Amino acid sequence: MNPCNVCEQPTKSKCSNCNQVSYCSVQHQKQDWKAHKSSCHPFKIAHNELLGRHLVATRNIKPHEIILKEAPLVRGPAQITPPVCMGCLNSIEPEDHIDCDLCGWPLCGPECKSLEEHRAECQLTQQRGQKVNVHEFNGSHPLYTCVSTVRCLLIGETSPEKARKFQELESLESTRRGSNQWKADLASIGQFIPKFFKTERFSEEEVMKAVGALQINGHEVPTSDPPHVAVFYTASFTEHSCMPNLAKSFNKNGHCILWAPREIKKNSHLSICYSDAMWGTADRQRHLVQTKLFKCACERCADVTELGTYYSAIKCEDSRCDGLMLPSKSDDWNGSWKCRECQKQVQRHYIDRILERAGKDLQTMEKTAENGLKYLKHYEKWLPPRHFHMSEVKILLVQLLAKDQQELMVLADDKLALKLQFSSELVQLYETLAPCEVRTLGTLCFELHSAIAEQTRRVSLETSLSPKERLEESLLYVDKCVNYLQYESDIFVEGHILKQAKINRDALRMVMRIS
Ligand SMILES: C[S@@+](CC[C@H](N)C(=O)[O-])C[C@H]1O[C@@H](n2cnc3c(N)ncnc32)[C@H](O)[C@@H]1O
C-alpha cells in the first residue's frame with residue numbers, strides 16, 4: 001500500500017500509465033492530472049555506477065507505443081555549419097536573407113527575428129556594441145561555432161526552469177578536460193566567447209561545462225537543412241545501446257519522439273543508439289569513445305560476429321580458404337585479426353588497407369546501378385556479402401534499380417530479381433542487427449513490397465494464375481513499412497513513402513478481398 005498522491009490515504013491503485021504514482025480513486029487521479037501529466041511516462045529514472053542516470057520501464061510497453069514526446073530544452077546551429085538563419089536554422093542564400101537590425105546575425109526573414117530562440121546571441125551581440133557581419137557563405141563559418149553554447153549559457157534569461165534542468169545534465173567536464181577535443185573547444189568557444197562578445201559574464205569553467213553538456217546530450221535534428229543540434233531534457237537520460245529498444249523520430253517542429261518498434265518488458269532498460277547502428281563495430285566504438293567518452297559493451301559489441309551476420313568481417317587472406325577474419329581478441333578491434341577457419345593471422349594494417357580502399361571507392365563512386373553492381377563484383381574478393389560496405393551499396397542499388405513505379409514497370413526481369421533479392425536480404429539483416437533503424441527498414445520494406453508486387457504482376461500476366469501468396473507477402477512488407485515509418489513527418493522523404501505505402505496497402509487489401 002502506498003499513500004494517495006492527493007489525500008495520502010493508503011491505497012493499492014496506481015496510475016496505469018506510469019505505474020509510479022498512487023491514487024485512492026478516479027476522482028483524485030483526475031484532480032491531480034494537471035500536475036502529474038508532465039512526469040507521467042511508462043519509465044522511471046534509475047541510477048547505477050556504470051551508466052549514471054538511465055531509464056527503466058515501469059510496465060510492459062506495447063509495440064509501436066510512444067514513450068516520450070518532448071520539445072527541446074535548447075537548440076541552435078551545429079558546431080560546424082555554414083551560415084544559417086538564426087531563427088529557423090535553415091541555410092540562407094547570400095542574396096536572399098536579411099540581417100537582424102539589432103545584432104547583424106543573418107535571418108531568412110522578419111518572422112524569424114521574433115523567434116525567442118534568437119534572443120540569446122542577439123542580446124549578447126548588442127551588449128558587445130558592434131553588429132556581426134557574416135559575408136562568407138561558402139563552407140563552415142567559424143563565428144557559428146559558439147552560438148549553441150551561448151544559447152545554453154543564457155537559457156535562464158527566458159526560463160529559470162529550463163536553466164535548472166540544463167544544469168542537471170551530465171557534462172563529463174572533468175573527463176573531457178585536457179583532451180584534444182576539449183583544447184580545440186577551449187580555443188574556439190571557451191576563449192572566443194569572452195573575447196568576441198567583450199564580456200566577463202561567464203567563467204571558463206561555466207562555458208566549458210555548457211560545451212560538454214551539449215556534446216554529451218546533443219541530438220542532431222534533421223528538421224532543418226542543414227540539421228541543427230538540440231538537447232531534450234528527459235530524453236537525455238536514455239542510455240546508449242548499439243541494439244537499442246527505442247526508435248527516435250522528430251515531428252516537423254523538431255520535437256523528439258521516442259517509441260518502441262517492438263514490445264519492451266517491464267524493468268528493461270530503455271535505450272537509443274548514440275552512434276550510427278549501420279556502421280561496423282570498430283567505427284561505432286571509436287565514435288562513442290570520441291564523442292560520448294565511454295566504451296560500449298552492448299550485446300552487439302560483445303559479439304565480434306555481430307549476431308552471426310559477420311557485418312565487419314573480412315574474407316581470409318588465403319584465397320584457398322573460405323573462412324572469415326575477425327579480431328583475434330574480441331574486445332580489441334585495433335590489434336591483429338585471425339581467420340576463424342584456418343587460424344591465419346594478419347596485422348591490422350592489412351585490414352585497414354582493404355577497408356580504406358573500399359570506403360574511399362564507395363565515397364567517390366558515381367551513384368549509378370551499373371557502378372554499384374561493379375563495386376559488389378570487385379569487392380566480393382575481400383568482403384563477405386553482408387559486410388557493412390557491401391550492404392551500403394546494396395541499399396543504394398535497391399533504390400537505384402527503379403526509382404519509381406514507372407521505372408519499376410519497365411525494369412528488366414533480371415534487375416527486378418536483384419532488387420528483390422537485395423531488399424529481402426537487407427530487411428533480414430537489419431531486423432537482426434538494427435531493429436530500431438526504422439527509416440532504413442521502412443524504406444527497404446517499401447522497396448521489397450513493390451518488387452514483389454511487380455513480380456507478381458508479371459507472372460500473372462504470363463500465366464494468369466492467382467498469385468495469392470505473393471500478394472500476401474507484398475502486403476506483409478507494406479504493413480511493416482507503415483509500422484516502421486508511422487511517426488515520420490511529411491517534411492521527410494520517409495513521410496512521403498509512408499503516404500504511398502498506406503495507399504498501396506489499402507489497394508492490396510482490396511485486391512485480396514476480391515480475389
Ligand atoms: C546523454 S548521457 C546519459 C545520461 C547520463 N547517464 C546521466 O547520468 O546524465 C550520456 C552519458 O551516459 C553514459 N552512458 C550512456 N550509455 C552508456 C552505456 N551504454 N555504457 C556506458 N556509459 C553510458 C556515458 O557517460 C555517456 O557519455
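Source: prediction; values computed, not measured. Whatever order the structure lists ligands and atoms in, that order sets their numbers, starting from 1.
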With atoms numbered from 1 as shown, which atoms in ligand 1 lie under 4.0 angstrom from a non-hydrogen atom of [X]?
{"X": "K292", "value": "26 (C), 27 (O)"}
{"X": "H240", "value": "15 (C), 16 (N), 19 (N)"}
{"X": "E239", "value": "16 (N)"}
{"X": "N217", "value": "1 (C), 2 (S)"}
{"X": "S236", "value": "1 (C), 2 (S), 3 (C), 4 (C)"}

Fit a plane to each ring of [X] and [Y], take the angle between them on a 0 to 90° scale, and name the class: parallel (under 30°), tilted (30 to 60°) or perpendicular (over 60°).
{"X": "F43", "Y": "H41", "answer": "parallel"}
{"X": "F250", "Y": "F232", "answer": "tilted"}
{"X": "Y487", "Y": "W259", "answer": "perpendicular"}

Would you kindly say whether T125 and R128 are connected by a side-chain donor-acceptor distance under 3.5 Å?
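No donor-acceptor contact under 3.5 Å links the two side chains.
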Does ligand 1 have any atom sitting under 4.0 Å from a heavy atom of L51?
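Checking ligand 1 against L51, which is what was asked, there is a heavy-atom contact under 4.0 Å.
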With ring centroids as reference points, do H387 and Y379 lie under 6.0 angstrom apart?
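Here the rings of Y379 and H387 have centres that are no less than 6.0 Å from each other.
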Taking the six-membered ring for Trp and the full ring for Phe, Tyr or His, determine whether the centres of W105 and Y144 are under 6.0 Å apart.
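Yes; Y144 has its ring centre under 6.0 Å from that of W105.
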Take Y23 and W33, measure what ring-ring contact (aromatic ring centres under 6.0 Å, His included) needs, and give me the verdict at the end.
CA-CA 11 Å; Y23 294 106; W33 179 237; 9.0 Å; no
To the nearest 0.1 Å, how far is atom 20 (N) of ligand 1 from its closest protein heavy atom, and which atom is that?
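Its nearest protein heavy-atom neighbour is F294 CD1, 3.4 Å.
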Taking both backbone and side-chain atoms of K295, is any N or O found less than 3.5 Å from an N or O belonging to ligand 1?
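Looking only at distances, the answer is no, because the N/O contact criterion of under 3.5 Å is not met.
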With a heavy-atom distance limit of 4.0 Å, tell me whether L172 approaches ligand 1 through its side chain, its backbone, both, or neither.
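Looking at L172 and ligand 1, just side chain atoms fall under 4.0 Å.
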